[in-house]
Amino acid sequence: MMNRTLLITGASTGIGAATARAAAKAGWNVALLARSEDKLQNLAQELGEAALAVPCDVTDRAALNDAVSQTVDHFGGLDAAFANAGMGVADPGVEKGDPAQWHDMVHLNIMAVLYTAHATLPHLRKTKGSFIVTGSKAGRDHMKGSIYSATKWFIHGFAGNLAEEMREWNGRCTVISPGMVDTPFFDEGKPTKLQPQDIADAVVFALEQPDTSCVREIHLMPND
């Protein structure tokens, strides 16, 4: 199928930007969502006509709904969504954690994913499309006092539940579960860890499956 369209949140850097490049190379149109308008515009210019930059705060449900509408109007439909935007916190743990940081993280790591699913599913139903979401090794392990880990546990549970719902109309949901990835999430570079391109390749692999197959989870770990 030609002219398939993928919407990506957190598209300005790291995994999101790498996935936009990989998907465009594989023949997909890509809608790029993030708050960083300059970075989005630069990436869209790099990718050409296959890309649409849609600056928005994905924790703002009205703005996200508008971004999805812009995408569908521009490309004529939606075949996949990648809910990738996420964040950690500066102060780890529960007792010494900062509830204000938890509030922002929960709204991005959980609510924005739910908003993205809610806004895109009516369009994905029409195309029997795919919903991809970034989980984490932290969503499979218990980590001392980690609220971030707890948000990713939610994502892994949600992805399985959504896969069962989408299955009713031959849609597919996949959670991508990486260990440490060398992204701007960390202050220092991690050149021996997973690279954004590794995750992007996993997303494209899930998207390119035949109709008979749904890859429910891809779990990747650094090989060092």
Side-chain angles (χ1 to χ4, degrees), residues 1-60 63-87 108 112-113 115-117 119-121 123-124 126-134 172-176 178 181-186 189-191 193-209 215 218 220:
M1 188 196 312
M2 300 302 292
N3 297 320
R4 296 168 298 175
T5 298
L6 167 65
L7 179 145
I8 304 171
T9 71
S12 60
T13 60
I15 292 170
T19 300
R21 293 184 177 100
K25 185 177 180 180
W28 289 72
N29 298 318
V30 288
L32 312 172
L33 277 62
R35 291 178 298 178
S36 305
E37 183 170 1
D38 290 348
K39 291 178 181 178
L40 284 188
Q41 294 293 354
N42 289 339
L43 180 58
Q45 186 173 13
E46 173 192 332
L47 297 178
E49 292 184 359
L52 174 68
V54 191
C56 85
D57 179 351
V58 293
T59 65
D60 180 337
L64 180 59
N65 288 341
D66 183 62
V68 173
S69 295
Q70 287 184 53
T71 300
V72 172
D73 290 344
H74 184 80
F75 290 120
L78 187 65
D79 300 273
F82 181 27
N84 167 67
M87 64 180 291
L108 184 57
V113 171
Y115 294 160
T116 303
T120 59
L121 281 173
H123 303 286
L124 297 178
K126 295 176 185 177
T127 56
K128 297 181 180 178
S130 298
F131 189 86
I132 315 286
V133 59
T134 301
R172 299 183 284 197
C173 180
T174 303
V175 59
I176 308 292
V181 185
D182 184 18
T183 72
F185 186 91
F186 298 103
K190 308 287 184 182
K193 302 303 181 183
L194 288 165
Q195 298 301 300
Q197 183 65 47
D198 300 331
I199 314 307
D201 290 344
V203 173
V204 172
F205 175 79
L207 291 175
E208 299 285 351
Q209 289 299 298
V215 177
I218 300 179
L220 306 92

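Keep in mind that this is a model prediction, so the values were computed, not measured.
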Nearest heavy atoms of [X] and [Y], plus distance in Å:
X    : Y    : result
W28  : R4   : NE1-NH2, 3.1 Å
V203 : F82  : CG2-CZ, 3.8 Å
L47  : A51  : CB-CB, 3.7 Å
A80  : L124 : N-CD2, 3.5 Å
A206 : I132 : CB-CD1, 4.1 Å
A23  : L6   : CB-CD2, 3.8 Å

With no hydrogens and no angle check, is any side-chain donor or acceptor of [X] less than 3.5 Å from a backbone partner on [Y]?
X    : Y    : answer
T9   : A85  : yes
Q195 : K193 : yes
T59  : L108 : no
D79  : G129 : no

Is there a side-chain contact between [X] and [Y], using heavy atoms and a 4.5 Å cut-off?
X    : Y    : answer
L43  : S12  : no
I199 : T19  : no
V58  : Y115 : no
T116 : L64  : yes
R21  : Q197 : no

To the nearest 0.5 angstrom, please state how far the [atom1] atom of [X] sits from the [atom2] atom of [Y].
X    : Y    : atom1 : atom2 : value
N84  : L7   : CG    : CG    : 11.0 Å
S130 : E208 : OG    : CD    : 9.5 Å
I176 : I218 : CD1   : CD1   : 4.0 Å
L32  : L52  : CG    : CG    : 7.0 Å

Could you go step by step and tell me if E46 and N42 meet the side-chain hydrogen bond (donor to acceptor under 3.5 Å, both in side chains) rule?
-> CA-CA 6 Å; E46 173 192 332; N42 289 339; over 6 Å; no
